[in-house]
Protein chains: 2
Amino acid sequence: MSEPEFFKALADPTRRAVFERLADGEMNATDLRQGFDLSQPAMSQHLAVLRTAGLIAEQKHGRNVLYRINPDGVARIHQWLSRYNAFWPSRVDDLKQLLKEMDQ
Amino acid sequence: MSEPEFFKALADPTRRAVFERLADGEMNATDLRQGFDLSQPAMSQHLAVLRTAGLIAEQKHGRNVLYRINPDGVARIHQWLSRYNAFWPSRVDDLKQLLKEMDQ
DNA sequence: AAATCATATAAGTCTGTGCTTATGTATTTT
DNA sequence: AAAATACATAAGCACAGACTTATATGATTT
């Protein structure tokens, strides 16, 4: 199995915040900067790290680039974490709860 | 919500390997060093980082210290990841499969 | 076509972190 | 009680990474 890069990518609080913001919907780099005290290159570099780690995907729209969460990346985190399911004591209840919520 | 420290802790490949080794059962620091080209203090420091992040727990046994995975830490990763369940396309099937396996 | 806009890349700085050796502190063994 | 063992802590070094300013590139607007 290849080394998971997502840990390093998400170890930075700014990148976690960017990732979380993208959970609400796709956005371009300029809009993503709102609320962050960060230069444009800094954001661009963060986005490059997240993209290289396979956590976000990009789509060009003219001179804009829309960024969105890459489901494959989330799936890869889940895959890594599944190794430790035995250490998740309340996993049965939580899973049943989750399935119930999704059935509604 | 407090900042998740586990990402920084698991961003280091050595610490991930230590964590993975502990998934097979509790172990002391000396045994954990087997197979790693690492000094004793380095391992001690890695274990301190994992412990501070709440990922492992320790139990003193005389002059030995047994380390084991802290289920609370695993639960916290799951909790963080649950925010992104909507981006996990195959989650329903996987969860049902997991529940089926656990019922056996 | 010139100016503006959205983004990326380059280069340099500063801080964080992972490593080392040296040493400290209990605990166990002889 | 002295030696050995298991581990932690301290201090220093070297490299990685997050930031900056400056500049480049391509698309849009005027």
Side-chain angles (χ1 to χ4, degrees), chain A residues 2-22 24-70 73 77, chain B residues 2-22 24-70 73 77:
Chain A
S2 63
E3 285 290 310
E5 290 181 57
F6 54 81
F7 278 116
K8 246 198 256 183
L10 291 171
D12 180 79
T14 301
R15 284 196 291 268
R16 277 200 304 276
V18 166
F19 192 70
E20 183 161 357
R21 182 168 289 192
L22 288 177
D24 295 328
E26 57 186 9
M27 210 178 289
N28 63 40
T30 301
D31 291 345
L32 274 170
R33 273 218 297 156
Q34 295 288 341
F36 289 102
D37 186 19
L38 211 67
S39 68
Q40 175 269 318
M43 176 59 76
S44 182
Q45 286 158 17
H46 280 310
L47 290 167
V49 171
L50 287 169
R51 184 175 38 76
T52 302
L55 289 167
I56 63 175
E58 59 182 43
Q59 192 176 7
K60 286 202 160 192
H61 279 274
R63 66 184 167 186
N64 292 28
V65 181
L66 280 182
Y67 294 95
R68 53 182 160 70
I69 285 186
N70 182 3
I77 303 178
Chain B
S2 63
E3 286 290 310
E5 290 181 57
F6 55 80
F7 279 116
K8 246 199 254 185
L10 291 171
D12 180 78
T14 302
R15 284 196 292 267
R16 277 200 305 275
V18 166
F19 191 71
E20 184 161 358
R21 183 169 289 192
L22 287 176
D24 295 330
E26 57 185 10
M27 210 179 289
N28 62 40
T30 302
D31 292 345
L32 274 170
R33 273 216 305 153
Q34 295 289 342
F36 289 102
D37 186 20
L38 211 66
S39 69
Q40 177 268 319
M43 176 59 75
S44 182
Q45 288 158 15
H46 280 308
L47 290 168
V49 171
L50 287 169
R51 184 175 40 74
T52 301
L55 289 167
I56 64 174
E58 58 181 45
Q59 192 176 9
K60 284 203 162 193
H61 279 273
R63 66 184 167 186
N64 293 27
V65 181
L66 279 183
Y67 294 95
R68 54 181 158 72
I69 285 186
N70 182 3
I77 304 179

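Chain identifiers are assigned alphabetically (A, B, ...) following the order of the sequence lines, protein sequences preceding nucleic acid strands; residue numbering begins at 1 within each chain. The basis for the numbers below is simple: all heavy atoms, side chains too, and nothing from hydrogens, waters or symmetry mates.
- Using a 4.0 Å heavy-atom criterion, one finds that B/Leu38 contacts the sugar-phosphate atoms exclusively.
- For the pair A/Asn70 (side chain) and A/Gly54 (backbone), a donor-acceptor distance under 3.5 Å is present.
- Here the straight-line distance linking atom CG of B/Leu32 with atom CE of B/Met27 works out to 5.5 Å at 0.5 Å rounding.
- The closest donor-acceptor contact from the side chain of B/Arg16 to the backbone of B/Leu10 lies under 3.5 Å.
- When the side-chain nitrogen and oxygen atoms of B/Arg15 are compared with OP1 and OP2 of C/dG18, one or more of them lie within a distance under 4.0 Å.
- Nearer to the 5' terminus of DNA chain D, by closest-nucleotide assignment, is the contact made by B/Gln45 (compared with the other of B/Gln45 and A/Gly62).
- The distance from atom OG1 of A/Thr14 to atom CD of A/Gln45, rounded to the nearest 0.5 Å, is 12.0 Å.
- Residue order along DNA chain D, read from the 5' end via each residue's closest nucleotide, puts B/Met43 first among B/Met43 and A/Arg63.
- A/His61 has its NE2 atom 14 Å from the P atom of D/dA27, to the nearest Å.
- Among the protein residues, A/Ala29 comes within range of the sugar-phosphate backbone only, with heavy atoms under 4.0 Å from sugar or phosphate atoms but none that close to a base.
- Between the CG atom of A/Leu32 and the C1' atom of C/dA6 there is a distance of 13 Å, rounded to whole Å.
- Separating the CG atom of B/Asp12 from the C1' atom of D/dA16 is a distance of 12 Å, rounded to the nearest angstrom.
- The side chain of A/Asn28 lies closest to C/dT7, out of D/dA6, C/dT7, D/dA8.
- Checked by distance alone, A/Gln40 brings no side-chain donor or acceptor within 3.5 Å of a matching partner on the base of D/dT20.
- Across C/dT7, D/dA22, D/dA8, the shortest atom-to-atom separation from the side chain of A/Pro41 is found for D/dA22.
- For the pair B/Arg15 (side chain) and B/Leu50 (backbone), a donor-acceptor distance under 3.5 Å is absent.
- Taking only side-chain atoms of B/Lys8, from C-beta outward, the nucleotide of D/dT20, C/dT20, C/dT17 with the closest atom is C/dT17.
- In this structure, A/Leu47 atom CG and C/dT9 atom P are separated by 12 Å, rounded to whole Å.
- Here C/dC19 presents its P atom at 10 Å from CZ of B/Phe36, a figure rounded to the nearest Å.
- Across all strands, B/Ser44 comes closer than 4.0 Å to base atoms (heavy-atom distances).
- With D/dT9, C/dC5, D/dT20 as the candidates, the nucleotide lying closest to the side chain of A/Ser39 is D/dT20.
- Taking only side-chain nitrogens and oxygens, A/Tyr67 comes nearer than 4.0 Å to OP1 or OP2 of C/dA8.
- One interatomic measurement links the two molecules: CG of A/Asp37 to C1' of D/dA18, which rounds to 14 Å at whole-angstrom precision.
- For the pair A/Arg51 CZ and C/dT7 P, the computed distance is 13 Å after rounding to whole Å.
- Atom C1' of nucleotide C/dA8 and atom CG of A/Asn64 are separated by 14 Å, given to the nearest angstrom.
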